[in-house]
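Just the heavy atoms: all of them, side chains too, but no hydrogens, waters or symmetry mates, feed the values below.
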Amino acid sequence: MTSKTDGNFDRTPLIAGNWKMNMDHAQGIALLQKLAWTLKDAKHDFQRVEVAVFPPFTDLRSVQSLVEGDGLQIVYGAQDLSDQDSGAYTGDISGEFLAKLDCTYALVGHSERRTVHHESDEQCRDKIRAAIRHKLTPMLCIGEGLDERQSGNHVTFTLEQLRGSLADLNEKELEGLVVAYEPVWAIGTGEVAGPEDAQEMAAAIREELGKLYSEDFAQATRILYGGSVKSSNVANILGGSDVDGALVGGASLDAEEFAKIARFEQHLLSN
Ligand SMILES: O=C(CO)COP(=O)(O)O
């Protein structure tokens, strides 16, 4: 086991920006351009720390053109996908369309989908299946609400979501899976789980993946933390040996701030 402070990572860290329902396609392009310039100026090594953005569906074609046209190393994904591939599903978006737009990732089961759209673990599992069918890497989001946290039931609750969302899926299909632990009470609230909380849950998730699958799979799977991540707290949060990156909401809408988050190693080194 290596530690992050000696300059080695067990897994390639991933810093991901979920734009949620912000940024139309023109704004999205401006944001992505600025992010790319800022990271280029900082000589960011994308092989060392991967950077991804999750724009709204309507931005994805423009994002694809910019990334391809300018040869950017930033990757991108969708905030959701349908569990179906085509047909009479008004308003839904097929993984097939997302694959055509060269998306790398698809978020599944973000807490805002689970709460606002009442998505169940079973639906999440079907969406993961759909992502896999179209060679999109699923980023499964799980995490407890305030009640579970206050009652001390947060680990049990979150691991149940994990098991429910992965039920019947095998290790081979899930290769590359990313899990994002996002405690609902810390999303958009300014409340951030402490580094110990993030590490506690990431370790519990990894242990559970080891039980469900193999130790190799558990060790290879990246586990991110999300919830009020900023440049001022990212280094602490990523200090935990099982926390492999961040899924960032609000702070990803500011190119300079998000670039600073992606450059978290600079903060680690200066600590
Ligand atoms: O939900 C999140 C990312 O998916 C977190 O959002 P905030 O960073 O705005 O709290």
Side-chain angles (χ1 to χ4, degrees), residues 1-19 32 35-36 38-54 67 72-77 104-107 137-143 174-183 186 192-207 209 216-252 254-271:
M1 185 63 107
T2 49
S3 93
K4 290 179 182 143
T5 42
D6 66 9
N8 293 306
F9 298 116
D10 294 320
R11 296 159 285 273
T12 304
L14 170 56
I15 302 295
N18 174 9
W19 295 356
L32 187 57
L35 176 64
T38 312
L39 288 171
K40 192 171 176 218
D41 278 353
K43 300 194 172 31
H44 185 72
D45 180 351
F46 290 90
Q47 258 60 57
R48 185 162 173 80
V49 177
E50 187 181 351
V51 179
V53 292
F54 290 82
V67 167
L72 304 185
Q73 295 184 71
I74 298 170
V75 296
Y76 53 91
T104 299
Y105 294 103
L107 290 185
T137 299
M139 185 181 288
L140 171 67
C141 304
I142 50 178
L174 288 173
E175 196 187 336
L177 172 77
V178 179
V179 178
Y181 166 56
E182 298 207 302
V192 60
E196 303 78 21
D197 299 324
Q199 169 56 26
E200 176 200 32
M201 192 66 83
I205 291 169
R206 199 176 305 288
E207 192 185 336
L209 290 173
D216 282 354
F217 178 81
Q219 288 304 326
T221 301
R222 290 183 291 180
I223 301 173
L224 315 186
Y225 167 80
S228 299
V229 173
K230 300 183 186 58
S231 61
S232 56
N233 58 27
V234 65
N236 275 342
I237 291 168
L238 296 202
S241 60
D242 286 292
V243 184
D244 303 312
L247 182 54
V248 184
S252 71
D254 176 334
E256 283 179 9
E257 173 66 2
F258 187 59
K260 271 192 205 161
I261 295 173
R263 308 281 304 147
F264 70 93
E265 275 189 275
Q266 310 307 310
H267 315 267
L268 275 178
L269 296 174
S270 61
N271 274 347

*asked:* Determine whether F258 and V53 satisfy the following criterion, side chain to side chain contact (heavy atoms under 4.5 Å, CB included), listing intermediate values before the conclusion.
replied: CA-CA 10 Å; F258 187 59; V53 292; 4.3 Å; yes
*Using a strict 4.0 Å threshold on nitrogen-to-oxygen distance, state whether D10 and R206 make a salt bridge.*
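The answer is no: the pair does not qualify as a salt bridge.
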Which heavy atom in [X] sits nearest to a heavy atom in [Y], and how many Å separate them?
X: A16; Y: M139; value: CB-CE, 4.3 Å
X: I237; Y: A198; value: CG2-CB, 4.3 Å
X: V178; Y: Y105; value: CG2-CE2, 4.0 Å
X: D45; Y: R263; value: N-NH1, 4.3 Å
X: P195; Y: N236; value: CB-O, 3.4 Å
X: V49; Y: A262; value: CG1-O, 3.7 Å

Under the 3.5 angstrom rule, does the side chain of [X] hit a backbone N or O of [Y] as a donor-acceptor pair?
X: D254; Y: A251; answer: no
X: D41; Y: T38; answer: no
X: N233; Y: S228; answer: yes

_Trace of the side chain to side chain contact (heavy atoms under 4.5 Å, CB included) decision for L177 with F217_ = CA-CA 9 Å; L177 172 77; F217 178 81; 4.2 Å; yes
Give, for atom [atom1] of [X] and atom [atom2] of [Y], the distance between the pair rounded to the nearest 0.5 Å.
X: E182; Y: M201; atom1: CD; atom2: CE; value: 12.5 Å
X: L72; Y: L35; atom1: CG; atom2: CG; value: 9.0 Å
X: Y181; Y: E200; atom1: OH; atom2: CD; value: 7.5 Å
X: T12; Y: D244; atom1: OG1; atom2: CG; value: 9.0 Å
X: S252; Y: L247; atom1: OG; atom2: CG; value: 8.5 Å
X: T104; Y: E50; atom1: OG1; atom2: CD; value: 7.5 Å

Please examine the side chains of [Y] and [X], heavy atoms only from C-beta on, and report whether any two atoms are closer than 4.5 Å.
X: Q73; Y: Q47; result: yes
X: D197; Y: Y225; result: no
X: F9; Y: R48; result: yes

*Test I142 against I205 for side chain to side chain contact (heavy atoms under 4.5 Å, CB included), laying out the working first.*
CA-CA 10 Å; I142 50 178; I205 291 169; 3.8 Å; yes
*For residues E257 and S231, is any side-chain donor paired with an opposing acceptor at under 3.5 Å?*
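Side-chain D/A pair, E257 to S231: present.
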*Let me see the working for D242 and I223 under side chain to side chain contact (heavy atoms under 4.5 Å, CB included), right down to the final yes or no.*
CA-CA 7 Å; D242 286 292; I223 301 173; 5.6 Å; no
